[in-house]
Amino acid sequence: MTLMFYNTLSRKKEKFIPIEKNHVRLYTCGPTVYDSAHIGNFRTFLFEDLLKRLLLFKNYSVTHIMNITDIDDKTIRRSNEDGITLKELTHKYTDLFFSDSTWLKILPADKYPKATDHINEMIQMIQKLLDRGFAYVANDKSVFFKISNYPDYGKLIYIKSNLLQSSNRIADDEYEKDSPQDFALWKAYKPADGDVWWDSPWGKGRPGWHIECSAMSMKYLGQYFDIHCGGVDNIFPHHENEIAQSCAATSANFVKMWMHSEHLQIEGDKMSKSEGNFYRIEDLKKQGYTPEVIRFLLLNGHYRTKLNFSLSKRTEAEQAIQRIINIKSKLKTFKIKEENKSGPISEHQKNFISALEDDLDTPKALAILYIWIKDTFKEIDKNNFNKINVQAGLNFLEVVENLLGIIPPKINIPEKIQKLVDKRLYAKKKKNWEVADLIRQELIDLGWKLEDTVDGTVCKPI
RNA sequence: GGCGUCGUACCCAAGUGGCUAAGGGACCGGUUUGCAAAACCGUUAUUCGCCGGUUCGAAUCCGGCCGACGCCUCCA
């Protein structure tokens, strides 16, 4: 089946056909490194990770670029507050972002270009926009994009530019511009910027926010590329502005498919830093969350619906994951008898993939996975599973893991624990139930539980 | 004011015109087991926020209402 993705540009599910055969060029909006990323940011990054994993599974080669925004109002403000240089601040949070991403099993991008390393590219693009009459230099030497000269403005947000209503925030803007809707390409230096500035044809200053993504995506992916992702909040103004400035600069199309993930809510409320209702990865890690549990919770809702993240759902996710671990362990340990018949060829794997191919329908894919698990247990109980079925099952679980990343890696049993397990097994053989149960309790206290099965005793961490 | 999303069991969540409304978690009963765990079997929505309409037929399309929510200049 072909891939279908919802394109924000058309507001419809569309067949995905890459511009270049077998090669997908993907740009995902990265973090602004002024603070640690929170679980909401990671919902978006996880959605993008799933998208990429699916593209790779479909045998596309993927060139994935994720920007690091290391210069903007927030980074400057934060570095002043913390009394450290902008570089010190952004390096700290960039490193943290990478370690959180790795811990969450997010596949790395091919390149993470930083805004501050691409000031020249941005200046060139701004110059081009000035030359073509889509931008102007204001009295204070800032450069703005002139929306009134760009009639296509409003493609993503579905609004005619003349209907854009200005909010109070615009009135507070300290820069001078012709029209309130015009956005900054280059911001003239202000004393509050400290020693953060670059030279430009228009004087000292720093780039506006939107221009970095246009300049860097074009540099690494070309003028026109396949997919650009981000959170829904980026639709306007960020992505709208990116489209305007990119298309105005090149007179060509910019991005074929825009994909956006919905917001995550926390304990039923909108996540907001001012209210303090957000979780960082390190917070969850401290509470004992595993990457798999977080991934499961975030992938359990479709990426285009609002999802509520609640600490109370943790057990639910752990139980659900445990079921996957159980079937895997069953497939690995049960002894296949020669006379076992072959079970029915499973259609579930195909259906699982089809669900993901249909605009990344993870809840449906998970449902199919659980139907498969149930069927597999049944067939095994009926002795209808032979070597080929077992191998097919294990292969399927590998596919599931490659796509969703929700199956924990095998845990090695420490020697000390194994010795206790053996000791109990001996007592059990002698039908010395008291001793066996005592050791089992001892193991539980040490954090390991036992399952006696017909194929032997299985030891699992709690 | 403009643009847009959502409302399916105790909780989470698929399904967007047609076989008995997926699946997970939770709960209860049973089988199995030395006991436990795991697994299996069964039970939990004659009904999809409410009211109308279209249709042979709607959770699914249309209209209205109620409720929750997002964006409208720098928040993933």
Side-chain angles (χ1 to χ4, degrees), chain A residues 11 28-32 37-48 69 72-74 147 154 157-160 163-170 172-173 177 180-184 187 208-210 229-238 240-241 260-265 268-274 296-297 300-302 304-308 310 312-313 315-323 325-327 329-330 355 361-374 376-378 380-382 428 431-434 436-437 440-441 444 449-454 457-458 460:
Chain A
R11 308 232 164 151
T28 59
C29 269
T32 302
H38 53 65
I39 186 77
N41 300 120
F42 278 106
R43 180 193 191 182
T44 297
F45 300 143
L46 230 39
F47 137 69
E48 293 158 351
T69 301
D72 80 325
D73 296 352
K74 291 194 295 289
I147 287 179
I157 196 176
Y158 272 51
I159 200 169
K160 293 220 163 71
L163 290 177
L164 270 177
Q165 192 182 64
S166 56
S167 74
N168 299 333
R169 276 191 274 183
I170 293 177
D172 297 338
D173 206 302
K177 40 188 170 179
Q181 285 83 32
D182 292 349
F183 58 90
K187 294 183 167 186
W209 173 38
H210 317 296
C229 303
V232 282
D233 53 310
N234 278 154
I235 294 173
F236 191 86
H238 187 48
E240 187 68 58
N241 291 350
H260 296 95
S261 66
E262 247 300 344
H263 272 172
L264 188 69
Q265 299 189 321
D269 278 321
K270 188 192 172 184
M271 185 181 319
S272 86
K273 287 216 162 176
S274 55
F296 184 93
L297 287 172
N300 197 214
H302 186 93
R304 284 193 290 111
T305 65
K306 282 188 251 312
L307 180 66
N308 184 29
S310 166
S312 65
K313 285 192 198 164
T315 315
E316 185 180 320
E318 285 172 345
Q319 290 296 98
I321 290 170
Q322 189 59 49
R323 192 157 163 81
I325 297 171
N326 289 344
I327 190 67
S329 150
K330 183 78 181 172
D361 195 341
T362 44
K364 191 174 177 184
L366 285 170
I368 293 161
L369 171 65
Y370 284 98
I371 294 171
W372 172 79
I373 291 174
K374 185 169 247 178
T376 301
F377 271 122
K378 269 187 208 172
I380 289 175
D381 282 357
K382 285 193 274 181
K428 203 168 159 263
K431 296 200 191 291
N432 193 347
W433 309 125
E434 248 179 70
D437 289 350
R440 183 163 63 193
Q441 186 55 48
I444 288 170
K449 66 175 172 184
L450 297 179
E451 285 171 19
D452 296 325
T453 76
V454 284
T457 295
V458 180
K460 291 173 182 171

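Each chain gets a letter, A, B and so on, in the order its sequence line appears, and its residues count up from 1. None of these values were measured; they are calculated from a predicted model.
One can find a donor-acceptor pair under 3.5 Å joining the base of B:G34 and the side-chain atoms of A:D437.
Applying the ring-ring contact (aromatic ring centres under 6.0 Å, His included) criterion to A:F45, with sequence neighbours excluded, gives A:F42, A:F97.
Ranking B:A76, B:C35, B:C69 by closeness to the A:D452 side chain, first place goes to B:C35. Comparing B:C40, B:C69, B:A14 by their nearest atom to the side chain of A:D381 picks out B:C40. Closest to the A:F183 side chain, of the nucleotides B:C75, B:C41, B:U73, is B:U73. Checked against B:A76, B:G34, B:G70, the side chain of A:N234 finds its nearest nucleotide in B:A76.
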Worksheet item: Where along nucleotides 21-33 of chain B does protein come under 4.0 Å, by heavy atom, of base (B) or sugar-phosphate alone (S), with - for untouched nucleotides?
Response: -BSBSS-------
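With no hydrogens or angles considered, a side-chain donor-acceptor pair links A:N326 and A:K460 at under 3.5 Å. Between the side chains of A:H263 and A:D233, at least one donor N or O lies within less than 3.5 Å of an accepting N or O.
Residue-nucleotide stacking is not present for A:F377 and B:A39, judged by a side-chain ring centre under 5.5 Å from the six-membered base ring centre and planes under 30° apart.
Looking at heavy-atom distances under 4.0 Å, A:R304 makes no contact with the nucleic acid at all.
Base pairing in RNA chain B yields stems of at least 3 consecutive Watson-Crick or G-U pairs, both distances under 3.5 Å, namely B:1-7 with B:66-72, B:10-12 with B:23-25, B:28-31 with B:39-42, B:49-53 with B:61-65.
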